[in-house]
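Structure first, commentary second.
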Amino acid sequence: MRDDDVDLLDLARRIAGRAGRGEEIEVYATRRRDTDVEVFGGEVESLSVSGVHGVGIRVVANSRQGFAWAGSLDADLVDDALAEARDNVEFGQPDEWYGLASGADVADLSDRDSADLGAAHLELWRDDLLAVTADDKVQLALELEKATRSADTRVRGVEAAGYGDAAIETAVANSLGIGAQSRRTVCSAYAVAMAGAGVETQTGYGFSAGRTIGDLDLETIPRDASERAVRLLGARQPRTSRLPVILDPLVTRAFLGVLSAAFSGESVLKGRSPFAGREGEEIASAAVSLVDDPTDARALGASTHDSEGVPVRRNELVVGGALRGFLENVYTGRRAGRPSTGSAVRGGYKSMPGVGVRALRMEPGRLSPGEVMASVPEALYVQSVSGLHSGTNPISGDFSVGAEGLMVRAGELAEPVREVTIASTMQRMLRDVAEVGSDLTFLPGPVAGVTLLISEMTMSGA
Amino acid sequence: MRVVRGETTGFAHTADLTEAGLRSAAEAASAAARGDSAGVNVVPLAMQHVDATHEVLILPEDVEKARKVDLLARADSAAREEGSAITSVTVGYADAHRRFQVANSLGLLAADDQVRTRLRVECVAKGDSGMQTGIEAPGRSVGFELFDDVDAEEAARLAARRALTLLSAVPAPVGRLPVVLRRGAGGVLFHEACGHGLEADLVGKEASVFRGRVGERVAPESVTLVDDGAYPREWGTYAIDDEGTPARRNVLIDRGVLSDFMWDYMRARKEGRAPSGNGRRESYRHLPMPRMTNTFLLAGDEDPEEIIRSTDRGIYCVRLGGGEVNTATGDFVFGVTEGYLIEDGEVTAPIHAAQLTGNGPEALAGIDMVGSDFETWTGICGKSGQGVPVSSGQPTLRVNGLTVGGTSGA
């Protein structure tokens, strides 16, 4: 049988069903189809279509765990992976908490049949995306590039423009009776404008994402890209100072993405979360409420179940500044004496389940971005940051990142700045959140964006 | 499968190696390139022979899993024995054996067999001031003989000591300061600050500050930058690139003068020149593009100790995290993961993680002392969603001013 025709849940159940006495088997199977178009200078630079599929198999026996994967759904290769995973069990350190999801992990949501989660209420798949021809996708990218080029006379080129989509199906089954499948479609388009004459160049990014091509806002992309590039023209390095900082929704998303590790039960277990053991304590200003809610279909990371087959749910992490709890998968939950929160995530079929967010957001406040700017006499508006991963110590929370953006004076964007760094600690930044904007924006990836006002940070410049 | 028609590339990949599967991918790639069915061309293929850059002595698949696991256990205990402040140790061992063959309708047929082995130790230390991490991750394009050169327990102790040292770190200073980069530590700066801007795809898109500057002075005479994919045993080494072009040593900046960019097939063809052996891809699922291999700033003749002694106030960087660059503007950032203050010509207190920001051409021009020592650093470079193994290397050197983004004072 061609891999395209294999029923994933069926395959996963069949392999999981081969568990012997005293052995647990979990099979995670996935299949995705991707299309990516890149255009440059009015021509298609590349159009790529691809299909990827594979299985990850986990075996637990005698309190030991083994894992192996195959980049194929071919019966023989899947059998080899199962044999390899069984072999790897022998090399693991024993740990009494190893184990797979079972009926107990889905019991508190028993109104949903665990075998039938693929049919749960979330509609994350759009057949019409699959019907769009490659030519139409190419046309969209070419028009996007053209519109970006002509959005402003100061735009001198388009560094890159493109379109991409994916249709992703996954199934998880294990020998303890878990069986779940889901599928989703996503698509996005982007453009990077280059503005400036002579030696100066500034770049700006615009993009839009959704579940099908009709969700994309193709007018915003060129406008954002050109505006964000043009408004940085003439940027200079400012003097070092301490001042209020306003984060663009994209920047907030980036910070929250790094911060999210601190809410993982895995980080807590490994002694890597600055919030470990602090449930109930105030860890942020009262303006801050953080929730990971993959049941919200507006989030592109929404899902019906997690990577171990446990149904997802809305998990409150911080409410009004107080730490509510952590995210757990089956293993970290057992170690912590708590049930799984349906937060197992995987990087793909090649990886074991870790713990992570799928749809993290900061609950929006009442002020519009303009009102946030008007609420302080002077501030640094951060349009983009760089080096966030290299410049952040997720364990200590220290961070220092490169930033570019504009000064804000009397509620208006003023002169642009570049080559600055902003530094603080994640813990301090959370306590210094003075306002959360009303502009909650769902973005590709597991974290949503929103405008944020931080009462004070160090801006290093000349 | 890549189908090129004019400047347009159609691409499709499949794991289905049956004739039907291959045909279907070929048709998808051709359709994507707007190709027409021009009939059948028969192209004779003869395997080109390229000498291996070095011999791999112990294939990782010939080593029992138990020996690899034992290595991890020994490294784990060695790190923990460094002190009770070490609260968490993560040790990883990875090996990869990558074989590929590439053929094209111009008659090229070539193959390579690449082996890489790496150890990674990450330690967390906890003290009154909070938690700190230390990492050591040696890797080479060799098999299990890596551990003839690399003592896993010593690497673990090094990672642990880094984390412990940082427990007494002081806040990093703020503002523009001279930065001394210890040998090996600063390669990533030049990888980010100049290397990416010298990749021909970005140059071709006018997205590089180095465009049109070949033949111009871009750095002091003491600076020579090479990208050497054929350097034996290094992490970014290979015999042929992922398009079948042999790897070689390419001089990018020759005694301060920009001499060339790094080329893959498509960008070289457009300029009517030969590719430079830099066409790389993460896997068969990705399109090739110009990428760095082992990027080295070559040693000079100053005494490394003297470089520190002649710096009144600055930062001494022993280890950097990753970095990023906007090639269009040349602006870059990178994180200092192990750094110290330099006060009155001496290395003093360790500093908290800080970000260095600067501009590639300005940082190059600002190199004012180049040491006589040399060391390399191993990493994975990400570009357009593709990660490839690279190394970078450099002698101890000084950049006269970079912006340090700390939290002290201000």
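Chain letters run A, B, ... following the sequence lines, proteins first and then strands; every chain starts at 1.
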Would you mind checking which part of A/V420 comes under 4.5 Å of any heavy atom in chain B, side chain (CB onward), backbone (N, CA, C, O), both or neither?
backbone
Do A/T240 and B/R176 come close enough that some side-chain heavy atom pair is under 4.5 Å?
no
Between B/V404 and chain A, with a heavy-atom cut-off of 4.5 Å, which part of the residue counts as in contact: side chain, backbone, both or neither?
backbone
Output for pair (B/H13 NE2, A/D34 CG), nearest 0.5 Å, gives 7.0 Å
In this structure, which one of B/T87, B/T133, B/T90 forms a side-chain hydrogen bond (donor to acceptor under 3.5 Å, both in side chains) with A/R272?
B/T90
Top contributor to chain B contacts, counting heavy-atom pairs under 4.5 Å, from A/G51, A/P274, A/A160:
A/G51
Does some side-chain heavy atom of B/N359 sit less than 4.5 Å from a side-chain heavy atom of A/R418?
yes
Spacing of A/T201 atom OG1 and B/R211 atom CZ [to the nearest 0.5 Å]
11.0 Å
Assess whether side-chain hydrogen bond (donor to acceptor under 3.5 Å, both in side chains) is satisfied between A/Q202 and B/T329, documenting all intermediate values.
CA-CA 6 Å; A/Q202 297 293 346; B/T329 62; 5.8 Å; no
Under 4.5 Å to a heavy atom of chain B? For A/S384 that would be neither
Rounding to 0.5 Å, atoms NZ (B/K205) and CE (A/M194) come to a distance of 9.0 Å
Answer yes if the side chains of A/S386 and B/N326 hold a donor-acceptor pair under 3.5 Å, and no otherwise.
no
Contacting region of B/E64 [heavy-atom separation from chain A under 4.5 Å]
neither
Which region of A/I422, side chain (C-beta onward) or backbone (N, CA, C, O), has a non-hydrogen atom less than 4.5 Å from a non-hydrogen atom of chain B, or is it both or neither?
neither
Non-hydrogen contacts under 4.5 angstrom with chain B: give the residues of residues 39-50 of chain A involved, or none if there are none.
A/F40, A/E43, A/V44, A/E45, A/S46, A/L47, A/S48, A/V49, A/S50
Identify which part of B/E7 has an atom lying under 4.5 Å from any heavy atom of chain A, answering side chain, backbone, both or neither.
backbone
